[in-house]
K.L.:
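Here's a structure for you.
Owing to the predicted nature of the structure, the values given are computational and were not obtained by experimental measurement. These numbers come from the heavy atoms of this one structure, side chains and all, not from hydrogens, waters or symmetry mates.
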Protein chains: 2
Amino acid sequence: MDEVLWAAWMYYEQGQKQEFIADQLGISRASVFNLLQKARDERVVNISIDPTRMSQAVLSNRIKDLYSIDTCYVLPLSTSGDPVHDQIGRLGARVLEQLLRPGDTIGVAWGRTVLAMSQHLQNLNLPNVTIAQVTGSSAATFAFSPPLCTSNIAERLNARCVNLHAPGIVSSPDVKKIFMAEPSIRTHFALLSQCTKLLFGVTPIVGRTLLVEGEFMTEEELQSYRDLGAVGFASGYFYDRAGQIVRTEFDNRHITMPLEELRQVPERICVGGGPGKAESIRAMLRAKLATILVTDDRTAMELVSEGG
Amino acid sequence: MDEVLWAAWMYYEQGQKQEFIADQLGISRASVFNLLQKARDERVVNISIDPTRMSQAVLSNRIKDLYSIDTCYVLPLSTSGDPVHDQIGRLGARVLEQLLRPGDTIGVAWGRTVLAMSQHLQNLNLPNVTIAQVTGSSAATFAFSPPLCTSNIAERLNARCVNLHAPGIVSSPDVKKIFMAEPSIRTHFALLSQCTKLLFGVTPIVGRTLLVEGEFMTEEELQSYRDLGAVGFASGYFYDRAGQIVRTEFDNRHITMPLEELRQVPERICVGGGPGKAESIRAMLRAKLATILVTDDRTAMELVSEGG
DNA sequence: GATTTTCATTGACATGTGCCAGCACGAGTT
DNA sequence: AACTCGTGCTGGCACATGTCAATGAAAATC
């Protein structure tokens with residue numbers, strides 16, 4: 001344990017060669033390499049890119065102006081092995097790390113990218129940070145479910161984790177009302193209304209979607225939104241191409257942060273990108289759900305080009 | 001500029017090889033190397049070690065308990081080319097980066113180690129941080145003078161820099177009184193009393209010292225402190241082996257933060273180490289000038305061993 | 001106590017990186 | 001136009017790093 005630290009210090013801060021360190025510690029150079037590997041794995045060393053730079057590129061600024069958001073971070077997407085949502089999660093992690101302040105309360109939705117992001121966060125240790133689940137859980141348990149996204153992020157940030165102990169969807173509007181009147185649920189929503197930051201993904205609603213596959217809703221329920229012109233879903237709400245929120249009776253059974261309160265949150269970070277998501281993201285931006293966007297360069301190109 | 005960013009991202013976040021990046025960008029591998037170099041120089045990438053680990057070692061905890069301070073960071077000192085104060089400055093930089101909070105006001109003294117520290121700070125960008133000079137300047141201009149230490153740190157942290165526009169030593173107590181009554185000086189000292197953190201070095205007062213060489217005081221003035229049993233100087237005050245503050249008429253001509261206010265600052269970080277400093281540091285700790293100590297392992301050993 | 005499993009450690013080889021001298025090109029100078 | 005200077009890019013070599021199968025010591029199992 002201590003050896004990892006010493007090796008890391010000598011290598012990364014003092015710029016010593018592995019061989020020198022091996023001599024000092026009386027072990028083989030290969031072992032020094034292993035110690036350094038461990039140091040990286042256990043995040044004893046932080047190697048990270050200043051995310052503000054990612055928002056200074058030309059593309060970022062055009063998007064920022066075009067959609068009147070506060071900041072846009074654009075990732076240079078490479079043909080590496082990692083899937084797109086993983087790479088975006090990585091940049092999202094850097095962004096959150098930079099934006100995080102002591103005393104923050106962060107509302108977290110769910111999704112593949114949000115989970116990926118949680119996995120790439122460094123272990124930070126700012127005082128008095130709270131991570132709160134924005135949406136109730138779905139019936140099925142899958143890797144990127146709301147409680148998992150929330151608790152993963154809280155763990156990495158050494159923050160208080162507040163899960164929402166309620167289903168995401170209930171059977172009738174009346175049941176929702178009953179739930180919402182419960183003291184423990186009321187407390188949770190009171191906390192949510194205090195959020196200083198919000199974190200969510202986007203999903204288009206064409207073809208097979210996570211919404212249906214995650215047993216969050218049925219194909220029929222989803223279709224009813226499509227019929228009303230919805231093109232995407234983010235932070236708990238559906239919206240159409242023009243950025244208008246689309247509602248059906250489903251909303252009355254959905255236990256999630258109210259739209260008015262959501263829009264009050266000063267910093268609302270949306271992480272999302274990859275092929276086929278551009279249209280959905282464009283509409284989401286028009287709906288003013290996000291103030292900060294983290295995406296990839298391909299999607300960013302689409303966002304500025306077909307100004308449709 | 002953009003290329004630096006892309007290369008850095010692909011290399012450090014995606015783990016691509018330089019050759020691959022060279023292909024992508026259509027340049028030679030050597031150029032990619034140069035871009036990465038630039039990225040490191042310009043601090044587009046941050047490579048740093050989590051300093052909390054440095055305070056979890058056995059040695060750190062013994063010092064912490066022995067001298068009743070809040071935290072002690074211990075550096076594994078190697079026989080590398082870098083001088084000791086430079087290495088300690090490096091660790092000090094990591095510590096400050098971790099402790100820094102939005103809205104902080106940081107009082108900065110001066111010294112070789114404090115300057116070294118400023119040079120190793122990353123470019124951070126927390127809102128509303130102020131760096132204030134604790135002591136007036138000396139007549140001679142040397143590299144680690146109070147205004148330089150202050151402004152270097154402020155620059156790196158993108159913080160407001162407030163220099164103290166007054167000499168460190170004046171010719172008589174009356175002149176000090178006149179200075180202290182000046183509105184601009186009063187404003188400065190009002191700011192200092194609001195400090196949330198303090199940063200200073202230590203110097204032993206045997207042999208040729210910076211105090212005399214920096215033309216801060218004369219050899220005779222220094223000797224008068226030695227005669228009264230002083231063994232060190234830190235954050236503007238002399239103290240003896242038992243940790244008692246030692247005063248001479250010199251104090252009445254010294255323009256610096258008052259002792260009572262200094263001890264009110266919640267986090268007082270002392271950076272210092274290297275051969276011959278242990279005794280001075282021990283006495284400084286007894287004088288309760290610091291709450292946080294950053295030092296090297298050799299000095300740390302001395303601090304716990306000869307419990308004199 | 002013998003046998004198997006696990007795991008950290010290592011030497012040696014394969015690969016990636018750092019460095020430097022030399023080249024090409026544009027800007028400023030005569 | 002010729003010259004000089006400065007800057008940025010590149011090829012190729014020396015060296016540093018990453019990888020992996022083999023080794024041996026400790027722990028677990030029988």
K.L.:
Who are the side chain to side chain donor-acceptor pair (under 3.5 Å) partners of A:Y12, not counting sequence neighbours?
P.N.:
A:R40
K.L.:
Checking A:A93 now: which residues fulfil side-chain contact (heavy atoms from CB on, under 4.5 Å) with it, not counting sequence neighbours?
P.N.:
A:E97, A:M117, A:H120, A:L121
K.L.:
State which residues pass side-chain contact (heavy atoms from CB on, under 4.5 Å) with B:L126; sequence neighbours excluded, sorted by chain then number.
P.N.:
A:R101, B:L100, B:P102, B:V129
K.L.:
Apply ring-ring contact (aromatic ring centres under 6.0 Å, His included) to B:F144 and list each qualifying residue two or more places apart in sequence or on a separate chain.
P.N.:
B:F142
K.L.:
Suppose we screen for salt bridge (Lys or Arg N to Asp or Glu O under 4.0 Å). Which residues come up paired with B:K64, at least two apart in sequence or across chains?
P.N.:
none
K.L.:
Please tabulate, one pair per line, each protein N/O and nucleotide N/O from nucleotides 14-21 of chain C that are separated by under 3.5 Å, including the distance.
P.N.:
{"residue": "C:dT17", "atom": "OP1", "partner": "B:Y11", "partner atom": "OH", "Å": "2.9"}
{"residue": "C:dT17", "atom": "OP2", "partner": "B:Q18", "partner atom": "N", "Å": "3.1"}
{"residue": "C:dG18", "atom": "OP2", "partner": "B:Q18", "partner atom": "NE2", "Å": "3.1"}
{"residue": "C:dG18", "atom": "O6", "partner": "B:R29", "partner atom": "NH2", "Å": "2.8"}

K.L.:
Considering residues at least two apart in sequence or located in another chain, which fulfil the side chain to side chain donor-acceptor pair (under 3.5 Å) criterion with B:T150?
P.N.:
none
K.L.:
Please enumerate all residues that pass side-chain contact (heavy atoms from CB on, under 4.5 Å) together with B:A300, with sequence neighbours excluded.
P.N.:
B:L59, B:I63, B:V74, B:T295
K.L.:
Could you tell me from which nucleotide to which nucleotide of DNA chain D, 5' to 3', there is an atom under 4.0 Å from chain A heavy atoms?
P.N.:
D:dA16 to D:dT19
